[in-house]
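Only heavy atoms go into these numbers, but all of them, side chains included; no hydrogens, no water, no symmetry mates.
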Amino acid sequence: MTKNKNLHGFHLSRRAALAAVAVSAAALFTFAAPAPSFAEDKSIKVGIMSGEDEDVWRVVTSEAAKKGLTIETVVFNDYTQPNEALERGEIDANAFQHQPYLDNQVQQHGYHIVPVGYTGVWPIGLYSKKHKAVAEIPEGAVIGVPNDPSNEGRALRVLQNEGLIKLKDGTGILATVADVSDNPKNIEIKELDAGIVGRSIDDLDAGVVNTDWALKSGLSPAERIAQEPIAYNPYRNFIAVKEENKDADWVKTLVSSYQNDTVKAEFDKVYKGTGLSAY
């Protein structure tokens, strides 16, 4: 998430990140047990990103109300803000990020934030308006990738999976262009802000674009010529809370209010197959 939702806009020394951050393999809980009922209504604030997720969370809010939990959504336009707001107690939860992004944020800021339930996954894709298949990408092609640590590594792995480049052995998920060990087509990898890659696609041979930005940039699935695998994807988005609240009853209710068929139907309608439920 993330979505997933997929999380940009923070600045971190890439080499420090590569040395400090390990892939988190911990599983998130899906609370299958009936959510508790509250003796009186409880109200919480949940930080989300503007756009399609607002429609999804209107349904989540409705589901939570049936269980005595009132949700006020707080809409953000900058990916660096929801964790800061959560850490400060300005909101009670957020839902916008994946584990590599949170790992970097914790490393950088020392946040006490943990995931409590998956929401969706938005597979990052390689898009092109000039070439209909990866095999058509020519010698010396220019390919755009997001320039933030977690998404650049993610994008480079897409290029590696398609045989366009090879990364050094042992390279972690925070790979950078400096980790490219083999580039048989002499591709120029152009590092751009995540929100700019899709909008620059006319000037590129191809670009690796996060699904949410692909939608905002007007790119269609027909222009996606490759995408990352979905199985065992570490980039599933989740709901996150302060560590001190992870076992609270309202957290269980919040997660169950998202993880149900009613919300899934709205999710599928809103994201039209570009995002997938991840629980």
>> Strictly below 4.0 Å, N to O, side chains only: are K264 and D261 in salt-bridge contact?
In response: no
> For L174 and N104, what are the C-alpha separation, side-chain angles and deciding distance, and is it a side chain to side chain contact (heavy atoms under 4.5 Å, CB included)?
Replying inline: CA-CA 10 Å; L174 297 180; N104 275 283; 3.7 Å; yes
>> When you measure from the side chain of K252 to the backbone of D247, do you find a donor-acceptor pair of N or O atoms at a distance under 3.5 Å?
In response: yes
> Do the side chains of Y279 and V121 get nearer than 4.5 Å, heavy atoms only?
Replying inline: no
>> Checking K42 against T253: is there a side-chain donor and acceptor pair closer than 3.5 Å?
In response: no
> With side chains defined as the heavy atoms from C-beta onward, is the minimum distance between D179 and L156 less than 4.5 Å?
Replying inline: no
>> Checking the side chain of K168 only, and the main-chain atoms of A178 only, is there a donor and an acceptor separated by less than 3.5 Å?
In response: yes
> Do other residues, nucleotides or ligands put more than 12 heavy atoms under 6.0 Å from K269 NZ?
Replying inline: no
> Are a donor atom and an acceptor atom from the side chains of N210 and N151 found within less than 3.5 Å of each other?
Replying inline: yes
> Atom CD1 of I201 and atom OG of S217: how far apart are they, to the nearest 0.5 Å?
Replying inline: 8.5 Å
> Has the side chain of N260 got a donor or acceptor atom that lies under 3.5 Å from a matching backbone atom of V263?
Replying inline: yes
> What's the shortest heavy-atom distance between D205 and S128, and which atoms?
Replying inline: O-OG, 2.6 Å
>> Would you compute the distance between atom CG of L254 and atom CG of D92 and round it to the nearest 0.5 angstrom?
In response: 9.5 Å
> Are any non-hydrogen side-chain atoms of V59 and F267 less than 4.5 angstrom apart?
Replying inline: no
> Would you call N245 and W250 a side-chain contact if the rule is heavy atoms closer than 4.5 Å?
Replying inline: yes
> Knowing that exactly one of N147, V209, L219 qualifies, which makes a side-chain contact (heavy atoms from CB on, under 4.5 Å) with V197?
Replying inline: V209
>> Quick check: closest heavy atoms across P184 and G163, and the distance to 0.1 Å?
In response: CG-O, 4.4 Å
> Looking at side-chain heavy atoms only, is the closest gap between S200 and K190 below 4.5 Å?
Replying inline: no
> Is the shortest heavy-atom distance from the side chain of K242 to the side chain of L86 under 4.5 Å?
Replying inline: yes
>> Does K185, at its NZ atom, have more than 12 non-hydrogen atoms belonging to other residues, nucleotides or ligands within less than 6.0 Å?
In response: yes
> Do T73 and I71 pass the side chain to side chain contact (heavy atoms under 4.5 Å, CB included) test, and can you show the C-alpha distance, the side-chain angles, and the key distance before you say yes or no?
Replying inline: CA-CA 6 Å; T73 54; I71 297 175; 4.1 Å; yes
>> Just to verify, which of N83, I48, V46 counts as forming a side-chain contact (heavy atoms from CB on, under 4.5 Å) with F96?
In response: N83
> So, the side chain of E84 versus the backbone of Q81: is there a donor-acceptor pair under 3.5 Å, distance only?
Replying inline: no
>> Would you compute the distance between atom CD1 of I187 and atom CD1 of I137 and round it to the nearest 0.5 angstrom?
In response: 6.0 Å
> Between P115 and L102, is any pair of side-chain heavy atoms under 4.5 Å apart?
Replying inline: yes
>> Would the distance check show the side chain of Q259 and the main-chain N or O of Y118 forming a donor-acceptor pair, the cut-off being under 3.5 Å?
In response: yes
> Do other residues, nucleotides or ligands put more than 12 heavy atoms under 6.0 Å from the NZ atom of K216?
Replying inline: yes
> Under 3.5 Å, is there a donor-acceptor pair between the side chain of N183 and the main chain of I165?
Replying inline: no
> Is a side-chain donor-acceptor pair under 3.5 Å present for E228 with N233?
Replying inline: yes
> What's the shortest heavy-atom distance between H98 and P100, and which atoms?
Replying inline: ND1-CD, 3.3 Å
> What are the two closest heavy atoms between P146 and A155, and how far apart are they?
Replying inline: CD-CB, 3.7 Å
> Atom CD1 of I225 and atom NZ of K129: how far apart are they, to the nearest 0.5 Å?
Replying inline: 13.5 Å
> Just wondering, more than 12 heavy atoms not from N186 lying within 6.0 Å of its CG?
Replying inline: yes
>> Determine whether H112 and E244 satisfy the following criterion, side chain to side chain contact (heavy atoms under 4.5 Å, CB included), listing intermediate values before the conclusion.
In response: CA-CA 8 Å; H112 304 86; E244 65 198 49; over 6 Å; no
>> If only side-chain N and O atoms count, and only distance matters, is there a donor-acceptor pair under 3.5 Å linking Q99 with D103?
In response: yes
> How far apart are the closest heavy atoms of T211 and P123, and which atoms are they?
Replying inline: OG1-O, 2.8 Å
> Roughly how far, to the nearest 0.5 Å, is the OH atom of Y127 from the CD atom of Q227?
Replying inline: 7.5 Å
>> Determine whether V145 and V158 satisfy the following criterion, side chain to side chain contact (heavy atoms under 4.5 Å, CB included), listing intermediate values before the conclusion.
In response: CA-CA 10 Å; V145 299; V158 171; over 6 Å; no
>> Once rounded to the nearest 0.5 Å, what's the spacing between atom OH of Y271 and atom CD of E266?
In response: 10.5 Å
>> Minimum heavy-atom separation for T262 and E63, please, with both atom names.
In response: CG2-OE2, 3.7 Å
> Taking Y79 for the side chain and Y101 for the main chain, is one N or O donor matched with an acceptor at less than 3.5 Å?
Replying inline: no
>> Can you confirm whether E87 sits close enough to Q105 that some side-chain heavy atom of one is under 4.5 Å from a side-chain heavy atom of the other?
In response: no
> Does S181 reach the main-chain N or O of K166 with its side chain, forming a donor-acceptor pair under 3.5 Å?
Replying inline: yes
